[in-house]
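Notes for the one structure printed next.
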Amino acid sequence: MSSNHNRVAIVGRPNVGKSTLFNILTRSRSAIIKNRPGVTRDLQFGKCEWRGQEFEVVDTGGVTDSNDLMPQLIRQKVEDALRMSDLVFVVTDAKSGVMPEDESLLRLVQKSGRPYQILVNKIDKESDIDLMLAEFYELDTQLIACSFERRQGISDALDWVLKSLPQKFMAPQEAEMTLAILGKPNVGKSSLVNRLIGENRMIVSPMAGTTVDAIDIHFEKDGKKYKIIDTAGLRKKAKRQDDIEILASFKTKDAIPRADVILLMVDVHEGPTEQDAKILREIQEAHKTVILVANKIDEAQKNIERFREKFKEQLKKAFHFYEDIPVVYTSAITGSGIKSLFEKIDDLWKKVNIRITTGELNRFFTQVIRKAPSPVYRSQNVKFYYLTQTNQTPPSFIAFANHPEGVDPSYRRFLMKQIKEEWSLEGVPVRIFAMKGQHAE
Ligand code: GDP
Ligand code: GDP
């Protein structure tokens, strides 16, 4: 069989979403590799680019439904794919839950010795994650909750690939970072982009011979690689304001799930508006890291401290649902604040990628959480067993408890606040899931 390097196999029962994933991963590549010599069964190959690095994916899809647990043909196909690959995505379907076929497939994957990651697909609503993920923990403790249709979980899955492919690949933290600059027209987005283009080394294309992402802007700053997603109005000026608005809201939706860090820009003199709050809510729902860029600070020279105080007051009101949003004051015209902006970006990115061991978490758990009054569920105290971090970004934690239903939003906020304080994660969107435990006693 052909050499097996940098290839990720996608396996799973029929209808779990394998080809949906395959299409997303290879989306900007029209040329799917066909007729690879030696491959007779219908495996599909394609190229995937992530953070400026390239690898191949192979889909075992195209399987018809069958009542047999593991028809011979599927089994052979999966074995072929596994043999040719370095890593494996095991796709499962949260709507149907854990099926016997998932278990037999997983055994096949484990037998191959290839590192694998289970993706639990079709969790289309954030609020369903706890409930829908729970039963999959019997398969593995490291799960990624996904909705391929809503583009959720994809970047976590791809970061896992970069982390797991040995040597040749850079860790996600060191590879190209994707930025999106969002905000109303005229706040200074394109001025900021032009400034970055003027000051930094542009990377025309990350890989020779590719035209992918031609409209995205790649650049290198202080030895680090960045990409800015081209959102409407960044470089070309639409003729009519309406066109800009329509295009911008459409592109905003598309940009949010793709970005690592989002710069939400406002005109510091106008202050945050309702429209900004709406974008911020979308960012929050997608669990993306965001920095509020308060631009045009050059026009506020007199009594700058008082000016900032006033702006902060406005923020508190408009963004009351996002208390610790990081703020940087800039002038895209004079360049002031741009250095602090990139320091903030890098600082947050480091924190977003933090890994806390279960040991550390449990020390913290017994010292801090156990001391606080626990929530009550149906007149019983909710008892926590332990806390563990999942392999998702932003940092996500599972609290195992006797009554996960009793972990209400206010208690989650309390847990989050404590975790943020302990590990200096201010401004980082942290997630808490509650699962039925697993007794530790
Ligand atoms: P495959 O047989 O594993 O390749 O599965 P497909 O990719 O063909 O998907 C099977 C069905 O699941 C299709 O109808 C998809 O539209 C649907 N599907 C894929 N991803 C999602 C998702 O995230 N949410 C929901 N609700 N449906 C999905
Ligand atoms: P966009 O629509 O968000 O891309 O905004 P532009 O970058 O086109 O800027 C809109 C207007 O604001 C232009 O006239 C810019 O020159 C001006 N502008 C942008 N940034 C600044 C800034 O930091 N300070 C000042 N004084 N003007 C700015």
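Numbering of ligands and ligand atoms starts at 1, following listing order. Remember, it's a predicted structure, so these values are computed and weren't measured experimentally. Just so it is clear, the values below take in all heavy atoms, side chains as well, and ignore hydrogens, waters and symmetry mates. This chain uses plain numbering: 1 for the first residue, then up along the sequence.
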Strictly under 4.0 Å, does any heavy atom of Gly183 approach an atom of ligand 2?
-> no

Could you pull out, from Asp298, Ile333, Thr330, the option with a heavy atom nearest to atom 26 (N) of ligand 2?
-> Asp298

Is Lys95 in polar range of ligand 1, meaning some N or O pair under 3.5 Å apart?
-> no

For Ser147, take its heavy atoms, then give the atoms of ligand 1 lying under 4.0 Å from any of them.
-> 23 (O)

Quick one: which ligand 2 atoms are inside 4.0 Å of a heavy atom on Pro185?
-> 2 (O)

Asp267/Lys184 ion pair, N-O < 4.0 Å = no

Atoms in ligand 2 flagged as close to Asn295, the criterion being non-hydrogen separation under 4.0 Å | 20 (N), 21 (C), 22 (C), 23 (O)

Plane angle bin for Tyr226 and Phe342 - parallel if under 30°, tilted between 30 and 60°, otherwise perpendicular = perpendicular

Just which atoms of ligand 2 are under 4.0 Å from any heavy atom in Lys184?
-> 3 (O)

Quick one: does Glu149 get an N or O within less than 3.5 Å of an N or O on ligand 1?
-> yes

Are any of the N or O atoms of Val187 closer than 3.5 Å to those of ligand 2?
-> yes

Is Asp80 paired with Arg83 through a side-chain N to carboxylate O contact shorter than 4.0 Å?
-> yes

Before accepting this row, confirm whether a basic side-chain N of the pair Glu103/Arg13 lies closer than 4.0 Å to the acidic partner's carboxylate O.
-> no

Ile297, any N or O under 3.5 Å of ligand 2 N or O = no

Does Val91 approach ligand 1 within less than 4.0 angstrom via side chain, backbone, both or neither, non-hydrogen atoms only?
-> neither

Under 4.0 Å from any heavy atom of Asp124, which atoms of ligand 1 are there?
-> 22 (C), 23 (O), 24 (N), 25 (C), 26 (N)

Would one find an N or O of Phe148, backbone or side chain, under 3.5 Å from an N or O of ligand 1?
-> yes

Which of the atoms in ligand 2, numbered in the order shown and given with their element, are less than 4.0 Å from a heavy-atom of Glu299?
-> 26 (N)

Mind checking whether Arg281 and Phe321 have side chains closer than 4.5 Å, heavy atoms only?
-> yes

Select one of side chain, backbone, both or neither to describe which atoms of Arg13 lie under 4.0 Å from any atom of ligand 1, heavy atoms only.
-> backbone

May I ask you to say whether Lys278 pairs ionically with Glu274, meaning some side-chain N is under 4.0 Å from a carboxylate O?
-> no

Look at Arg412 together with Asp130 and state whether they make a salt bridge at an N to O cut-off of under 4.0 Å.
-> yes

Ligand 2 contact by Met265, heavy-atom criterion under 4.0 angstrom = no

Ion pair Glu176/Arg51, N-O distance below 4.0 Å = no

Pair Asp260 + Lys288: basic N to acidic O under 4.0 Å | no

Answer yes when Asp59 and Lys18 have at least one side-chain N-carboxylate O distance shorter than 4.0 Å, and no when they do not.
-> no

